[in-house]
*Asks:* 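Shown below is the structure under consideration.
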Amino acid sequence: MAPYQVDRSQAAALISDANRQQLDVFQLCIARFGISEADIYARAAALLGLAYHPTIPVGTVQMRQVERLEQLQNIRQVRGKVFDRSLIYAAPTLEKFVRLHAQLLHSPEIRGRLCIVPLRALRQSLQVAQNPALYREATQRLARSWPHASAHLGLGRFKRFLFLGAVITVALLSAWNPPFLAVLIFLFLALLYVGPAAFRLYASLYGVLLGTSDDTELLDDEALPTYTVLVPLYNEANLVPQLVQALQAMNYPPEKLDIKFVVEASSPTTVAAVEAALTHGAFELVVVPDGKPRTKPKALNFALPLARGEHIVVYDAEDIPHPDQLRLAATLFAQHPDIACFQAELLIDNAHETPLTALFSAEYATQFGLIMPALADLNMPMPLGGTSNHFQLAALRHVGGWDSFNVTEDADLGLRLARLGMRCAMLPSATREEAPISIWPWIKQRTRWMKGWMQTLMVHSSQLRLLQMQLGWRDFLFFYLYIGGMVFAAPMHGIFLAKFSMEALYYQGDLPSRLAHAWPYFIVLSMAYGSALITGILGLLRLRKPLLIVFQLFLPLYWLLTSFATLRAAWQLAVDPFKWEKTAHGKTRIRRHLTVHEENDSMLLKLAQRIGLFNNAGN
């Protein structure tokens, strides 16, 4: 007992501190003094002469299915049966232990019916006992509360193939360009390309002028609420050590953290890796039973009822958030209670690894550094990122959580928040991520993203009048111009390139006159590419990565890859709408650090030389 002894005045101060912040004294001791949870409950049980066990044997819990699953977080005892003996498993608070001591003096027979267990073990057993209810809630909650916003109910087979036909028809008509439809097709293409291009330019310039403020005075430890962190993992055991380090580096009182690693049961190596890392008092493992749909949002919905925080954030396995991010988010939530969600900026750590990662970095720099801040300031629907989105837990539950059947669940959730009049804003904090370093993983990731946008477009178009009333005309038109434009314009880059190549190969003699008739299309495409180029440059300059600008020369090839991924997404939507193609992380050859560091310009120069962009670039 010696290492943990404190005098009476220190104990009184500790108890007073815990009561003032409405914390369990045991959890406060675990967080502040590094005592293991098993040790503190074992010692408390020994002081009262009670039985103790570090786990609850599988299959011994006797518990009916709970209707309000959010109540699970408050349960501290559960009935069990071992062979023919009934007993109670309990993880009492210090206050309950004191009362229990008084009870034992008058009723010593209680000792034979009570077994003390660590709180983490109790919660894991509760989850296992409630697996059927949690799984049912994860897959059906949104469909029950908001049927027309669920991809599960809004994507019938006929509608999916009809959408595929629409994408192919629009692309083929644009390529064929029949004379009797020439004017209509040109106007349609102009709307499809020029509208989003103009908005990107406007939003980017607006974002540059808007700037960011970093002079917020952060809340002190006592004023901070409990914060839940959800980390969905699947076949990512190799990333667990880095992830644990990043989470332990967070500047947030550990006694107010509720960090849940949400791991699919079909990923046993990842489950084992997380179990080995459960040394931090705030860490918990949530194992999601295998079953359809096998998606990230299904896993998040499974863990949602178990969240104990006032606020909640999602991080991916490869994420390295800024250490102050949670504290900053909690501060801004306190200052702006009308905001339901804060989206942190996403930065690419390995931007200088390949031309593909450089282009990906520019895309993120534009989206999260310029366009989304402008959308937030204009109070328009925000297509959230798949990670580092911070929610008020009550607002997230009110909107129905994530759509377990939408493979781009983040963007869909941003639109649902907007439809219910809930505001989103950008958090002036960054999370560093890893971009795919080769083409096929990038194609698979982009296919999933585009398929999710298609799902979102179809689902939310099922009640057009209601959508318009909820969003208003400005945001309603923005949704179709920006999202619809992205979905239908992307396949045409490859088609236009093929068409112009054929013109050049087979009609060389008459090529000037034929291309003279195509000048309007050149203007449209030039505006589209030009806006992407300008916004990419602005985004990279804002991040102080000017050397990456040279890779913008490959932007047309990048859009060709997007064309292929979009057509693949439309086909996959028709034949396998809920397939989740997991992006493999941990593939970068660049060593990632927990602290922010400058780009290695010498590596960039060597890469540029290797691909022939510069000659003697180092001279």
Side-chain angles (χ1 to χ4, degrees), residues 17-28 30-32 68-76 93 119-120 123 127 137 141 216-232 247 250-262 280-284 286 300-315 321-344 384 387-402 413-414 416-417 420-429 431:
D17 192 13
N19 290 337
R20 188 168 55 254
Q21 299 185 67
Q22 297 183 324
L23 296 171
D24 178 8
V25 178
F26 283 168
Q27 298 304 310
L28 194 62
I30 290 167
R32 290 191 179 177
R68 296 190 60 186
L69 292 168
E70 289 79 6
Q71 296 175 342
L72 290 175
Q73 60 181 305
N74 300 317
I75 295 176
R76 303 293 293 249
T93 62
L119 182 56
R120 181 186 289 161
R123 285 173 173 158
Q127 180 221 304
E137 182 78 354
R141 177 172 183 165
T216 303
E217 184 175 347
L218 301 179
L219 293 176
D220 59 23
D221 286 3
E222 278 203 16
L224 291 171
T226 301
Y227 218 115
T228 294
V229 178
L230 297 184
V231 188
L247 293 173
M250 299 300 285
N251 175 23
Y252 208 87
E255 64 270 18
K256 293 186 176 182
L257 282 174
D258 169 32
I259 300 175
K260 299 187 188 299
F261 298 92
V262 187
H280 192 288
F283 289 173
E284 287 184 25
V286 177
L300 293 173
N301 278 333
F302 185 88
L304 183 59
L306 307 175
R308 302 193 305 274
E310 183 178 327
H311 309 310
I312 186 170
V313 63
V314 177
Y315 289 130
H322 190 283
D324 285 338
Q325 189 172 119
L326 296 184
R327 190 179 291 263
L328 177 60
T331 300
L332 293 179
F333 273 127
Q335 295 175 353
H336 306 280
D338 59 316
I339 292 179
C341 173
F342 280 104
Q343 171 67 60
L384 301 175
T387 177
S388 302
N389 26 48
H390 301 251
F391 300 94
Q392 294 200 45
L393 182 59
L396 180 60
R397 285 175 172 164
H398 177 72
V399 82
W402 295 270
L413 181 53
R416 276 190 284 124
L417 288 168
L420 294 183
M422 297 185 183
R423 288 190 59 199
C424 297
M426 288 299 293
L427 185 71
S429 177
T431 296

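Side chains included, hydrogens not; waters and symmetry mates left out as well; all remaining heavy atoms used.
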*Asks:* Under the rule for ring pair (Phe, Tyr, Trp, His ring centres under 6.0 Å), what residues qualify as partners of His390, not counting sequence neighbours?
*Replies:* Tyr227
*Asks:* What residues form a salt bridge (charged side-chain N to carboxylate O under 4.0 Å, His left out) with Arg76, not counting sequence neighbours?
*Replies:*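 Partners of Arg76 by the salt bridge (charged side-chain N to carboxylate O under 4.0 Å, His left out) criterion, ordered by chain and then number, come out as Asp24.
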*Asks:* Do the non-hydrogen side-chain atoms of Val286 and Leu230 ever get within less than 4.5 Å of each other?
*Replies:*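 SC-SC contact between Val286 and Leu230 ruled out.
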*Asks:* Name each donor-acceptor pair under 3.5 Å that joins a side chain in residues 335-344 to protein atoms two or more places apart or in another chain, with its distance.
*Replies:*
{"unit_1": "Asp338", "atom_1": "OD2", "unit_2": "Arg423", "atom_2": "NH1", "d": "3.1"}
{"unit_1": "Gln343", "atom_1": "OE1", "unit_2": "Gly385", "atom_2": "N", "d": "2.9"}
{"unit_1": "Gln343", "atom_1": "NE2", "unit_2": "Thr387", "atom_2": "O", "d": "3.0"}

*Asks:* Roughly how far apart are Thr226 OG1 and Leu23 CG, rounded to 0.5 Å?
*Replies:*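 If I round to the nearest 0.5 Å, the distance is 6.0 Å.
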*Asks:* Distance from Cys424 atom SG to Leu384 atom CG, nearest 0.5 Å?
*Replies:* 5.0 Å
*Asks:* Mind checking the CG-CD1 spacing from Leu300 to Ile312? Nearest 0.5 Å is all I need.
*Replies:*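 With rounding to 0.5 Å, CG (Leu300) is 8.0 Å from CD1 (Ile312).
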*Asks:* Supply the atom-to-atom distance Met422 CE to Gln392 CD, rounded to the nearest 0.5 angstrom.
*Replies:* 9.0 Å
*Asks:* For atom CZ of Arg20, decide whether the heavy atoms of other residues, nucleotides or ligands shown that lie under 6.0 angstrom number more than 12.
*Replies:*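 Yes, CZ of Arg20 has more than 12 neighbouring heavy atoms, counting only those of other groups under 6.0 Å.
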*Asks:* Say whether, by atom type as modelled, one donor and one acceptor occur between the side chain of Asn301 and the main chain of Leu304 under 3.5 angstrom.
*Replies:*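 No; judged by distance alone, with no hydrogens or angles, the pair does not exist.
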*Asks:* What is the minimum heavy-atom distance between Met250 and Pro321, and which atoms define it?
*Replies:*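 Of all heavy-atom pairs spanning Met250 and Pro321, the closest is SD-CG, 3.8 Å.
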*Asks:* Is there side-chain contact between Leu413 and Asn389, with at least one heavy-atom pair below 4.5 Å?
*Replies:*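 With C-beta onward as the side chain, the pair stays apart.
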*Asks:* Could you walk me through whether Glu222 and Asp17 pass side-chain contact (heavy atoms from CB on, under 4.5 Å), step by step?
*Replies:* CA-CA 9 Å; Glu222 278 203 16; Asp17 192 13; 3.8 Å; yes
*Asks:* Report the residues that fulfil ring pair (Phe, Tyr, Trp, His ring centres under 6.0 Å) with Phe26, sequence neighbours left out, ordered by chain and then residue number.
*Replies:* Tyr41, Phe97
*Asks:* Identify the heavy atoms of Val262 and Ala303 that sit nearest to each other, and give their distance.
*Replies:* CG2-CB, 3.7 Å
*Asks:* Determine yes or no for a side-chain-to-main-chain donor-acceptor pair under 3.5 angstrom, with Arg32 supplying the side chain and Pro253 the backbone.
*Replies:* no
*Asks:* Is the shortest heavy-atom distance from the side chain of Pro428 to the side chain of Leu328 under 4.5 Å?
*Replies:* yes
*Asks:* Contact between Ile259 and Tyr252 at the side-chain level, heavy atoms closer than 4.5 Å - yes or no?
*Replies:* no
*Asks:* Is the backbone of Gly309 close enough, under 3.5 Å, to the side chain of Lys256 for a donor and an acceptor to pair up by distance?
*Replies:* no
*Asks:* If I compare all heavy atoms of Ser388 with all of Thr431, which pair ends up nearest, and what's the gap?
*Replies:*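 So the two residues come closest at OG-OG1, 2.7 Å.
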*Asks:* Going by heavy atoms in the side chains, are Gln127 and Phe302 under 4.5 Å from each other?
*Replies:*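 The answer is yes, as the side chains (C-beta and beyond) meet within the 4.5 Å cut-off.
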*Asks:* In sequence, state the C-alpha distance, the side-chain angles, and the governing distance for Phe283 and Leu257, and then conclude on side-chain contact (heavy atoms from CB on, under 4.5 Å).
*Replies:* CA-CA 8 Å; Phe283 289 173; Leu257 282 174; over 6 Å; no
*Asks:* Should Phe391 and Val399 be marked as a side-chain contact (heavy atoms from CB on, under 4.5 Å) after you check the CA-CA gap, both sets of side-chain angles, and the distance that decides it?
*Replies:* CA-CA 11 Å; Phe391 300 94; Val399 82; over 6 Å; no
*Asks:* Roughly how far apart are Arg123 CZ and Leu306 CG, rounded to 0.5 Å?
*Replies:* 9.5 Å
*Asks:* So do Leu247 and Phe261 actually touch side chain to side chain, heavy atoms under 4.5 Å?
*Replies:*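 Yes; the side chains approach each other to less than 4.5 Å.
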*Asks:* Filter on salt bridge (Lys or Arg N to Asp or Glu O under 4.0 Å), then keep only pairs touching residues 304-315, sequence neighbours left out; what's left?
*Replies:* Asp258-Arg308, Glu284-Arg308
*Asks:* Apply side-chain hydrogen bond (donor to acceptor under 3.5 Å, both in side chains) to Asn251 and list each qualifying residue two or more places apart in sequence or on a separate chain.
*Replies:*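 By the side-chain hydrogen bond (donor to acceptor under 3.5 Å, both in side chains) rule, Asn251 matches Asp324, Arg327.
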*Asks:* Which atom pair, heavy atoms only, marks the closest approach of Pro254 to His280?
*Replies:*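 Looks like CB-CE1, 3.8 Å.
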*Asks:* One pair to check against salt bridge (charged side-chain N to carboxylate O under 4.0 Å, His left out): Glu137 and Arg397. What are the steps and the verdict?
*Replies:* CA-CA 12 Å; Glu137 182 78 354; Arg397 285 175 172 164; over 6 Å; no
*Asks:* Using 0.5 Å steps for rounding, measure from the CG atom of Leu393 to the CZ atom of Phe333.
*Replies:*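 One gets 10.5 Å once the value is rounded to the nearest 0.5 Å.
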*Asks:* Which heavy atom in Ala330 sits nearest to a heavy atom in Leu219, and how many Å separate them?
*Replies:* O-CD1, 3.9 Å
